Every structure is written in structure tokens, then in C-alpha cells.
Amino acid sequence: MVGKTERILYLDSLRAFIMSMGVILHAGMFDRFWFSNFISDASGLFRMKLFVFIAGFFAVMLHDRRGMTALRRERIVRFGLPCLLFILLVNPIANFYMYRYLVAPIGLGEFFSADFTWPSDTPDRINWHQHLWFLIVVLVYCLALPLFLRVAQWRPIVAAAEWVGGAKGSGQGRLLALAVAMTMLLLAGRTLHHVLFYRFLAEGPLNFVVQATLWYSSYFLLGILAFRHRGLFQAMHRAPIWQLLLAATVLTISVLIYPTIRTFGKAPAELVQHIGDGFAGFYISVVMLMIFSRYLNIDSKVIRFLSDASYTVYLFHFSLIAVLGWYIYLLDLGPLMTYVITILVVFIACIAIHYVIVDRGPLPRLIFNGKLPRRAEVNAPR
């Protein structure tokens, strides 16, 4: 299923789908209702976990093909350049529109004036990184790849990966063991952040980025192990019905008992929530791998274009929703129509931006997608 030189088409398609899903996720930011809240909750279960898993898989693939120097160079340009551009020039515009909606009406000149100060009760949805925190986190992972590789080569980790992907014994039980282990590692990452960093970073601009870096690191490691161990990768494409039902049951119980546990304190309630979310999120990720490997492991011009455009969609969609979605919201069409129209308008706008601007030459591809010119890619150090 996976080799050193082949490209796995359905992983490209799955990555593109997850990136583009941001439009559906964020389209309800101005006029939230039950369905947009459901999409937000469902996305939180698996989207970033699977995103980071795929990032780890492709990172080690690039490392094994071309070496650490090429990986760092490619990822710094690929993630760092667009991220810096959007944080400095585009995100402030999105924050302006979100401030007008979430805090108070304000003029553009007043918002960007030197005298403007952020109110103490500014919602944390207005922040400097917005959706781009993922690029920062994955860039950190890629730069720290030698450390991840050391962990991936540690004998107990290798033995565990080979055991999960082994042909002998109950493969179903081994997948369940992996699901439990990934849930525990998520909890460990959250606990590590709280113990080591929260006291110093609480409510600060770096708190969420640090938390997310620790929170999802186990899935980046899992992506590395999946590339290096064929059996493990194949095991993550098979989930028995009873385990899917078990995951749904655990999630349902965690949701139902959360209000009761919350009366005993925030910490035990979050523990219950994270167990349910982490366990169910792992199995949703497996189901997504199963579906895409079976039905979307194909090569076509349309899929290639949409896959290539997905990075543009990911980068531009949040700011376009903030700007265009605000004016659609002012039409007072109701939550559902506002939501649907925002999705359609923003997705079409993102595709148009990619087709008309980004994909028209090496310079816009470099600036807006972080893609090195092809000659530079060919001659990159190995």
C-alpha cells in the first residue's frame, strides 16, 4: 500500500478535503445555529488529528526521499512564507470584521489607529493567528523531525508499531489498543501543557499554539510510524463495526455525563470530554482513511486541480468569510440561508483566486502557496 517512491493519491484527496472543510466549518461564524454548531463539534473530533497524521506521513516521506535539509527548506517556504504574509497583511482585516460583529461597531481607521487598545473582554476568537495556527504547529513538527525520528526508532515504539500491524493474533484487538494509546497520549499532551506552560502562558498570545503543539504531537508521530511500518498503516484502514459502535457509545456517554461531572470541577469534566473526543476522533480518522482509500484512490484532472487548489482555499477562506460573510449576514436571510450562501460564495471565490491569480506563474505560487519553482525543487539538496 505504501512504498518509498509512490504517491498515495487518496491521501492527497483526503488532505485536500480536510483543508477545504474549513469553509463549511467557519461559514457560520456570524450567524451560528444548531447545524453550524454540530459541524464545529464534529470537526473538532477528527479534523486536526487526521490533518497532523497526514502531515507526519508526508514529512517523513519527503525526508526519506530528499533528506532533512530539503525537508526544512521546503516546509519553511511552504508553510512559513504564506503564514507570515497572511498574519501580517490579511488576518488584521478579518479581525476587524470579527471585532465589529463580536465586540462593537468600529470604523476601519479607528481600528487600525495607533490609539486603539483591545478591550479586556475581547473574545479569544479574535487573535493574531486565526486558523493559521495549524501551519505554525506543523512547521514546528517538521523542524523537530529528528527528535520525532529518534522516538520512532526507539525499540519499544518500533515493537509496538510492529505488534499493531502484525499478522498474528487479533488485529481488531490491536487496533483497539492503538485507539486507547492515542487517547491517552492526547491526554498526556494536554496535561503536559497545563503543568509546564499554562501558568506562564495563560491567556497570552502563544498559549493556544503551544497547547496545540503538545496536544497533536502524538498524531504526527503516528504518521511517521505509519509510513515506516506498512502493517500499521494497513491496520489503520480496517475498523470492525463493534469498535465503531464502541467509539460512538463512549462519545455519547461523555457528552451526557459532562454537565454532571462539571459540577465537581472543570478538570474532571475536561478529562471526560477529552476521553470521549479522543477515542471517537481516532475511529473517525480510521473511517475517513477507509472511505477515501476505497473510493478516491484515483487520478483525474478535476481531483488534481481541487487538491492543488485546497491550500489556497485553506489560506484565503477564513478572511473571505469574515469579509463577505459579514455583508451576507447583513442581508438578514436567516441562519440557514446565510450559512449556505456564505459557503458557496466563499468556496467559489477561493477557487477563482487560485485559478486566476495563484496558479498563473512561479511568483504568485511562491507567495501565496509557498511552492518553490520547479527547477529549485529538482536541484534541491538531498
Side-chain angles (χ1 to χ4, degrees), residues 15-48 51 79 82-108 111-112 122-137 208-209 212 306-358 367-369:
R15 179 174 57 180
F17 170 77
I18 297 171
M19 280 186 167
S20 301
M21 189 179 172
V23 179
I24 303 173
L25 172 63
H26 297 125
M29 72 167 67
F30 286 122
D31 205 358
R32 301 190 72 87
F33 65 116
W34 70 267
F35 185 73
S36 62
N37 289 330
F38 170 78
I39 292 296
S40 179
D41 292 339
S43 171
L45 293 176
F46 76 95
R47 184 169 174 255
M48 289 299 104
F51 217 161
F79 296 151
C83 189
L84 183 63
L85 173 69
F86 274 75
I87 287 174
L88 293 178
L89 300 179
V90 181
N91 281 5
I93 301 297
N95 281 332
F96 164 67
Y97 279 90
M98 292 181 68
Y99 187 95
R100 294 177 68 186
Y101 173 72
L102 295 173
V103 182
I106 191 174
L108 186 65
F111 183 79
F112 287 103
T122 300
D124 56 10
R125 289 166 60 188
I126 304 176
N127 53 66
W128 61 275
H129 51 74
Q130 295 296 351
H131 64 303
L132 300 177
W133 64 266
F134 168 75
L135 297 184
I136 301 170
V137 168
F208 181 77
V209 174
L306 292 176
S307 178
D308 187 51
S310 64
Y311 195 36
T312 300
V313 175
Y314 171 78
L315 289 169
F316 279 91
H317 81 274
F318 193 93
S319 299
L320 287 177
I321 288 173
V323 177
L324 300 179
W326 166 255
Y327 292 107
I328 296 173
Y329 166 75
L330 293 180
L331 297 176
D332 197 22
L333 302 173
L336 179 59
M337 287 302 298
T338 299
Y339 182 69
V340 172
I341 292 174
T342 300
I343 291 174
L344 294 175
V345 169
V346 170
F347 188 78
I348 291 172
C350 288
I351 294 297
I353 289 172
H354 183 79
Y355 182 76
V356 175
I357 299 175
V358 176
I367 294 174
F368 295 110
N369 272 188

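Treat the numbers as computed from the prediction; the structure is a model and nothing was measured.
In plain terms, the two heavy atoms of Ile136 and Cys83 that are nearest each other are CG1-SG, 3.8 Å. When all heavy atoms of Ile18 and Phe51 are compared, the closest pair comes out as CG2-CD1, 3.7 Å. Listed here is the closest heavy atom pair of Leu135 and Phe79: CD2-CD2, 3.8 Å. Ala322 and Met29 get closest at one heavy-atom pair: CA-SD, 4.4 Å. Nearest heavy-atom pair across Pro123 and Val103 is CD-CG2, 3.7 Å. Of all heavy-atom pairs between Phe111 and Pro92, the closest is CE2-O, 3.8 Å.
Ser43 contributes no side-chain N or O that, together with a main-chain N or O of Ile39, makes up a donor-acceptor pair within less than 3.5 Å. Within the 3.5 Å criterion, the main-chain N or O of Tyr314 finds a donor-acceptor partner in the side chain of His317. A donor-acceptor distance shorter than 3.5 angstrom exists from the side chain of Asn127 to the backbone of Asp124, with no hydrogens or angles considered. Asn91 contributes a side-chain N or O that, together with a main-chain N or O of Trp128, makes up a donor-acceptor pair within less than 3.5 Å. For the pair Ser36 (side chain) and Arg32 (backbone), a donor-acceptor distance under 3.5 Å is absent.
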* Asked: Run the side chain to side chain contact (heavy atoms under 4.5 Å, CB included) check on Val209 and His129 step by step: do they pass?
  -> CA-CA 9 Å; Val209 174; His129 51 74; 4.0 Å; yes

* **Full working for side chain to side chain contact (heavy atoms under 4.5 Å, CB included) between Ser310 and Arg15** => CA-CA 8 Å; Ser310 64; Arg15 179 174 57 180; 5.9 Å; no

* Are Ile367 and Val358 close enough, and set up right, to give a side chain to side chain contact (heavy atoms under 4.5 Å, CB included), and what steps lead you there? -> CA-CA 8 Å; Ile367 294 174; Val358 176; over 6 Å; no

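Here the rule is side-chain hydrogen bond (donor to acceptor under 3.5 Å, both in side chains) with Tyr97, and of Tyr329, Trp326, Tyr327 only Tyr327 fits it. Only one option out of Ile341, Ile348, Ile343 pairs with Val345 in a side chain to side chain contact (heavy atoms under 4.5 Å, CB included); it is Ile341. The residue from Val23, Ile321, Ile24 that alone fulfils the side chain to side chain contact (heavy atoms under 4.5 Å, CB included) condition with Thr342 is Ile321.
The shortest side-chain heavy-atom distance between Ile106 and Tyr99 falls under the 4.5 Å cut-off. His131 has its side chain out of reach of Phe86: every pair of non-hydrogen atoms, C-beta onward, lies at least 4.5 Å apart. No side-chain heavy atom of Thr122 sits less than 4.5 Å from a side-chain heavy atom of Leu102.
The environment of CZ in Phe38 is sparse: at most 12 heavy-atom neighbours from other residues, nucleotides or ligands sit within 6.0 Å. Heavy-atom neighbours of Tyr355 OH from other residues, nucleotides or ligands within 6.0 Å: at or below the threshold of 12.
Separating the OG1 atom in Thr338 from the CD1 atom in Ile328 is a distance of 7.5 Å, to the nearest 0.5 Å. The distance from the CZ atom of Phe318 to the NE2 atom of His26 is 5.5 Å, given to the nearest 0.5 Å. Rounding to the nearest 0.5 Å gives a distance of 12.0 Å between CD1 of Ile93 and CG of Leu320. Atoms CG and CZ, from Leu336 and Phe35 in turn, are 9.0 Å apart once rounded to the nearest 0.5 Å.
Between Tyr101 and Phe30, the ring planes lie perpendicular to each other; the angle is over 60°, past the 30° to 60° tilted range. The aromatic rings of Phe316 and Phe368 are tilted relative to each other, their planes meeting at an angle between 30° and 60°.
The side-chain hydrogen bond (donor to acceptor under 3.5 Å, both in side chains) search around Thr312 returns His354, Asn369, not counting sequence neighbours. Remark: Arg125 pairs with no residue by the side-chain hydrogen bond (donor to acceptor under 3.5 Å, both in side chains) rule, at least two apart or across chains. Qualifying side-chain hydrogen bond (donor to acceptor under 3.5 Å, both in side chains) partners for Tyr311, counting only residues two or more places apart in sequence or in other chains: none.
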